[in-house]
Structures are given as C-alpha cells and as structure tokens.
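Everything quoted here is computed from the prediction, not taken from an experiment. Lettering follows sequence order; numbering is per chain, from 1.
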Amino acid sequence: MSYWLLKTEPSSYSIDDLLRDGKAGWSGVRNYQARNFLRDGMKKGDRALIYHSSAEPTAVVGEAEVVREGHPDPTQFDRKDDHYDPDSPADEPRWFQVELKALRKFPHPVTLAEIKAEPDLREMLLIRRGMRLSVQPVTKEQYQAIVRMAR
DNA sequence: GCCAACGTTGGC
DNA sequence: GCCAACGTTGGC
C-alpha cells in the first residue's frame, strides 16, 4: 500500500464535499507529473491525505482511500467544464483521475505551519520550496505522523 | 492582491 | 533545442 497527499482548494471542492458525496472522481488535475501519479502510481487501497490549499488555514483536513485506479478524467471532454481540454484526443486521453472514497475528516486539521514545525516532516514534498505538485507521494512514516498530529 | 517559483507555449 | 513570454499555483 502506498500513501499520497492530494491538494484541493476548498472553495471548489472540500473535504466536506467529499464526505457528503461519499465517493468522487478526483478530476481536474492538469499537470503531467501529477497525472502520472494518478494514472500509474495510485493503486486500489492506497490512502490519501486531503489538503486544503488557498484556505484559512492551509491544512491537511482528512483522509480518503483509492477505490478505483487511474481512468480518463471526464471533465477534459466537457466543453462546459472549467477543465475542458480541446487538445486532448478522445482515443488517447491526456488527463486521468482516480476515484476516492471519503474515510474521515480529522478532529483537528494539521496546518501547514504545524507541518513545517515538525522535524520529522521536513522532507515532505509539500514544504519543499516551490513544490506545487497537487498529487504527491508521502512515506508511510509521514502519513502516520500527520494522522497522529490530527488527533 | 502580490509575487516567487515554477510549467507550458511557440517563434526562431 | 533554445529561451522569452506567458499562464498557473499557492503561500502570504
């Protein structure tokens, strides 16, 4: 089993939205490195931390489980969607998503400030300078540390 | 709203 | 292939 961190802006889709929906396609990712993780890296049963970016506070707010592995993101073909990509070939889709099942919202969000202050989490990609990747791997140890901090 | 740190595009 | 211009991300 592998562990991941997924960023989302809560103004567009929040942990509360995911809990309400139960399951959701993690759509709208338009970065090739992140796409590769969605398409090739994430496996059924993997766990993902959900992170709220551009929020107050910016924080890891809950966790989810991968219930369906990479498949084409339908929003790339939807002209009315913000993430419509007219250049993505229908027979060779450019963008992928996984389906997530909400697991829980944390009792206490683990803020970016708390993560930066924790020596054991210094290696997280999240806090590496200039690292904007919206789908990123975390180690089991990092994942478990975040979960402990969220109690 | 600002702007640093990227990633992408396109002319050459 | 180079690289300037442009667009986006995301913390502050």
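- With sequence neighbours left out, the side-chain contact (heavy atoms from CB on, under 4.5 Å) criterion links A:E9 to A:S11, A:S12, A:S53, A:S54.
- Rounded to the nearest 0.5 angstrom, A:S134 OG and A:L6 CG are separated by 8.0 Å.
- For A:Y13, the side-chain hydrogen bond (donor to acceptor under 3.5 Å, both in side chains) partners are A:D21, not counting sequence neighbours.
- Rounded to an integer number of Å, the gap from A:N36 CG to B:dG7 P is 13 Å.
- If you check the side chains of A:S14 and A:D17, you find a donor sitting under 3.5 Å from an acceptor.
- Here ring-ring contact (aromatic ring centres under 6.0 Å, His included) pairs that include residues 26-78 of chain A, with residues two or more places apart or in two chains, are A:W4-A:F37, A:Y32-A:W95.
- Within the 3.5 Å criterion, the main-chain N or O of A:L126 finds a donor-acceptor partner in the side chain of A:Q136.
- From one end of the helix from B:dG1-C:dC12 to B:dC12-C:dG1 to the other, with five pairs defining each end axis, the axis direction shifts by 10° (rounded to 10°).
- The separation between A:Q136 atom CD and B:dC6 atom P is 14 Å, rounded to whole Å.
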Output a table of nitrogen or oxygen pairs between the protein and nucleotides 8-12 of chain C separated by less than 3.5 Å.
| residue | atom | partner | partner atom | Å |
| --- | --- | --- | --- | --- |
| C:dT8 | O2 | A:R132 | NH1 | 2.8 |
| C:dG10 | OP1 | A:K7 | NZ | 2.9 |
| C:dG10 | OP1 | A:R132 | O | 2.4 |
| C:dG11 | OP1 | A:Y51 | OH | 2.8 |
| C:dG11 | OP2 | A:S54 | N | 3.1 |
| C:dC12 | OP1 | A:K116 | NZ | 2.8 |

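- Near DNA chain C, meaning a heavy atom under 4.0 Å away, there are no residues from residues 75-87 of chain A.
- Comment: A:D16 engages A:K105 in a salt bridge, judged by a side-chain N to carboxylate O separation of less than 4.0 angstrom.
- The shortest side-chain heavy-atom distance between A:V60 and A:I50 does not fall under the 4.5 Å cut-off.
- With A:Q76 contributing its side chain and A:D73 its backbone, the two residues share a donor-acceptor pair below 3.5 Å.
- Using modelled atom types, one finds a donor on one side chain and an acceptor on the other under 3.5 Å when comparing A:Y143 with A:E63.
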